[in-house]
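Below is one structure, written out as structure tokens; comments come after it.
For the numbers below, each heavy atom of this structure counts, side chains included, while hydrogens, waters and symmetry mates do not. Lettering of chains follows the sequences in order, A, B, ..., and the numbering in each one begins at 1.
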Amino acid sequence: MRIATWNVNSVSARLPRLLAWLRAAEPDVLCLQEIKCDGEAFPSAEVGELGYEVAAYGAGRWNGVAVLSRVGLADVRQGLLDEPGFQDDGALVAATQPRALGATCAGVRVWSVYVPNGREIDHPHYAYKLRWLAALSETVTEELPGSGPLAVLGDFNIAPTDADVWDIAAYADSTHVTAAERAALDELAKTGLDEVYPRALKYDVPFTYWDYRQLAFPKNRGMRIDLVYGDPQFTSAVADSYVDREERKGKGGSDHAPVVVDLELAG
DNA sequence: ATGCCCTCCGCTGGAGGA
């Protein structure tokens with residue numbers, strides 16, 4: 001079984017490339033982030049022609065996640081247990097944003113997640129990011145017993161180590177590399193998950209994101225922030241994993257590349 | 001060539017991304 005995750009940076013803007021990538025890579029399950037449309041507006045008919053069922057959870061122009069599967073799609077769950085909303089200055093209550101979607105595909109439980117960016121360390125969005133990650137760990141803790149293979153895949157907006165950014169000095173006082181964010185990843189792992197580290201198809205570190213600006217991709221000024229965490233049943237079945245950096249090339253691409261995981265499940 | 005920001009909304013710029 002092939003499972004992949006990809007921050008597409010708008011599914012409508014990316015539709016031609018999404019369809020081409022589905023045809024070429026043939027994932028059985030694809031977790032998407034930043035679909036940037038209402039769930040009902042997801043191009044389900046187009047991906048349906050390629051054999052995929054869709055669970056989409058979106059709200060307008062920001063955020064939004066989806067799971068595509070050609071091996072069945074069941075037990076869809078929108079949002080996290082005790083998920084916080086984004087409470088900005090002056091806002092008493094903020095609606096929960098569409099950032100997490102769980103589904104079971106051929107017995108494998110997957111969560112497609114789009115972790116809040118955080119913006120700046122002193123911004124309310126950063127505190128929201130940390131609260132949101134705590135809710136993610138809580139949700140995994142709730143689901144893990146008896147779940148079968150389970151994985152959380154998506155755009156975590158955190159580089160797990162200093163080596164996971166092209167130049168750590170360029171990220172001084174920035175989000176994505178702080179001790180608190182990395183501690184949140186450690187807490188997620190402590191629920192019983194391990195990270196699946198993908199192969200880089202070029203260079204040494206398997207970056208998954210490169211800014212659109214300043215030739216970041218050709219200069220390989222990237223970040224490894226799209227991550228896969230699996231429970232032992234999942235990680236023990238991993239036969240291969242890689243970042244499909246080819247998809248980042250050319251015009252009309254997302255600024256993130258897909259991360260692919262191949263599983264060899266018993267039975 | 002991997003090539004100098006892109007998405008959306010909605011309007012002539014702004015917000016968000018990371």
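The backbone N or O of A:Pro160 lies less than 3.5 Å from a partner atom in the side chain of A:Arg182, making a donor-acceptor pair. In terms of modelled atom types and a separation under 3.5 Å, the side chain of A:Arg61 and the main chain of A:Cys37 share no donor-acceptor contact. Side chain of A:Lys129 to main chain of A:Asn157: a donor-acceptor pair is present (N/O by atom type, distance under 3.5 Å, no hydrogens or angles). The backbone N or O of A:Arg2 lies less than 3.5 Å from a partner atom in the side chain of A:Asp28, making a donor-acceptor pair. Listed for the A:Arg109 side chain is a donor-acceptor partner under 3.5 Å among the backbone atoms of A:Asp75.
Using a 4.0 Å heavy-atom distance criterion, A:Glu34 is classed as a sugar-phosphate-only contact. Among the atoms of the strands shown, none is found under 4.0 Å from any heavy atom of A:Ser254.
One can place CG of A:Asn7 at 17 Å from P of B:dG16, the figure rounded to the nearest angstrom. Taking atom OH of residue A:Tyr128 and atom C1' of nucleotide B:dA18, one finds them 16 Å apart after rounding to whole Å. Summarising the geometry, the separation between NZ on A:Lys251 and C1' on B:dC4 is reported as 10 Å, rounded to the nearest angstrom. We find that CZ of A:Phe207 is positioned 14 Å from C1' of B:dA18, with the value rounded to whole Å. Going from atom CD of A:Gln97 over to atom C1' of B:dA15 covers 13 Å, rounded to whole Å. Per the geometry, CG belonging to A:Asn63 stands 14 Å off C1' belonging to B:dA18, to the nearest Å. Atom CG of A:Asp255 and atom C1' of B:dG16 are 12 Å apart (whole Å).
Along DNA chain B, the nucleotide closest to A:Glu120 and the one closest to A:Ser10 are compared, and the more 5′ of them pairs with A:Ser10. Each of A:Asn9 and A:Thr175 lies near DNA chain B, and the nucleotide nearest A:Asn9 is the one positioned closer to the 5' end.
One finds no side-chain N or O of A:Arg248 lying less than 4.0 angstrom from the OP1 or OP2 phosphate oxygen of B:dT2. Applying the 4.0 Å criterion to OP1 and OP2 of B:dC8, one finds that A:Ser12 has a side-chain N or O inside that range. Put simply, A:His256 has a side-chain N or O that comes within less than 4.0 Å of OP1 or OP2 on B:dA18. Distances shorter than 4.0 Å separate none of the side-chain N or O atoms of A:Tyr126 from OP1 or OP2 on B:dA18.
Between B:dG17, B:dC8, B:dA18, one nucleotide has an atom nearer to the side chain of A:Ala13 than all others, and that is B:dC8. Of the candidates B:dG17, B:dC8, B:dT2, B:dG17 carries the atom nearest the A:Arg99 side chain, counting heavy atoms from C-beta on. When each of B:dA18, B:dC8, B:dT2 is scored by its nearest atom to the side-chain atoms of A:Tyr209, the top-ranked nucleotide is B:dA18. When distances run from any side-chain atom of A:Asn117 to the nucleotides B:dA18, B:dG16, B:dT7, the shortest one goes to B:dA18.
A distance of about 22 Å separates the P atoms of B:dC6 and B:dG10, rounded to the whole Å. The separation of B:dA18 from B:dC5, taken at their C1' atoms, amounts to 13 Å, rounded to a whole angstrom. A distance of about 23 Å separates the C1' atoms of B:dC4 and B:dC8, rounded to the whole Å. B:dA15 and B:dC11 are spaced 15 Å apart, taking the C1' atom of each and rounding to whole Å.
Residues A:Asn9 and A:Glu34 have side chains that never bring a donor and an acceptor to within less than 3.5 angstrom of each other. Between the side chains of A:Trp132 and A:Gln97, no donor-acceptor pair is found at a separation under 3.5 Å.
If you check residues 155-163 of chain A against DNA chain B, the residues with a heavy atom closer than 4.0 Å are A:Asp155, A:Asn157, listed by number. For the contact set between residues 210-226 of chain A and DNA chain B, defined by any heavy atom under 4.0 Å, the members are A:Tyr212, A:Arg213, A:Gln214, A:Leu215, A:Phe217, A:Pro218, A:Met223, A:Ile225.
Only one option out of A:Val196, A:Val29, A:Val110 pairs with A:Leu153 in a side-chain contact (heavy atoms from CB on, under 4.5 Å); it is A:Val110.
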Please enumerate all protein N or O atoms sitting under 3.5 Å from an N or O of nucleotides 9-14 of chain B, with distances to 0.1 Å.
from	atom 1	to	atom 2	distance (Å)
B:dG14	N2	A:Arg61	NH2	2.2

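Residue pairs meeting the ring-ring contact (aromatic ring centres under 6.0 Å, His included) criterion with at least one member in residues 176-201 of chain A, sequence neighbours excluded, do not occur. Within the structure, the ring-ring contact (aromatic ring centres under 6.0 Å, His included) test picks out the following pairs touching residues 210-231 of chain A (sequence neighbours left out): A:Phe156-A:Tyr229, A:Trp210-A:Phe217.
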Next item on the list: Using the salt bridge (charged side-chain N to carboxylate O under 4.0 Å, His left out) rule, take A:Asp211 and A:Arg221 through it: C-alpha gap first, then chi angles, then the decisive distance, then the call.
Entry: CA-CA 8 Å; A:Asp211 197 290; A:Arg221 294 179 172 178; over 6 Å; no
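Taking the centre of each ring, A:Tyr128 and A:His125 come in below the 6.0 Å mark.
Taking a 4.5 Å side-chain heavy-atom cut-off between Ile, Leu, Val, Met, Phe, Trp and Tyr, the cluster of A:Leu15 extends to A:Trp6, A:Val8, A:Val11, A:Leu18, A:Leu19, A:Trp21, A:Leu22, A:Leu30, A:Leu32, A:Ile35, A:Phe42, A:Val47, A:Leu50, A:Tyr52, A:Val54, A:Leu68, A:Leu201, A:Tyr242, A:Val260.
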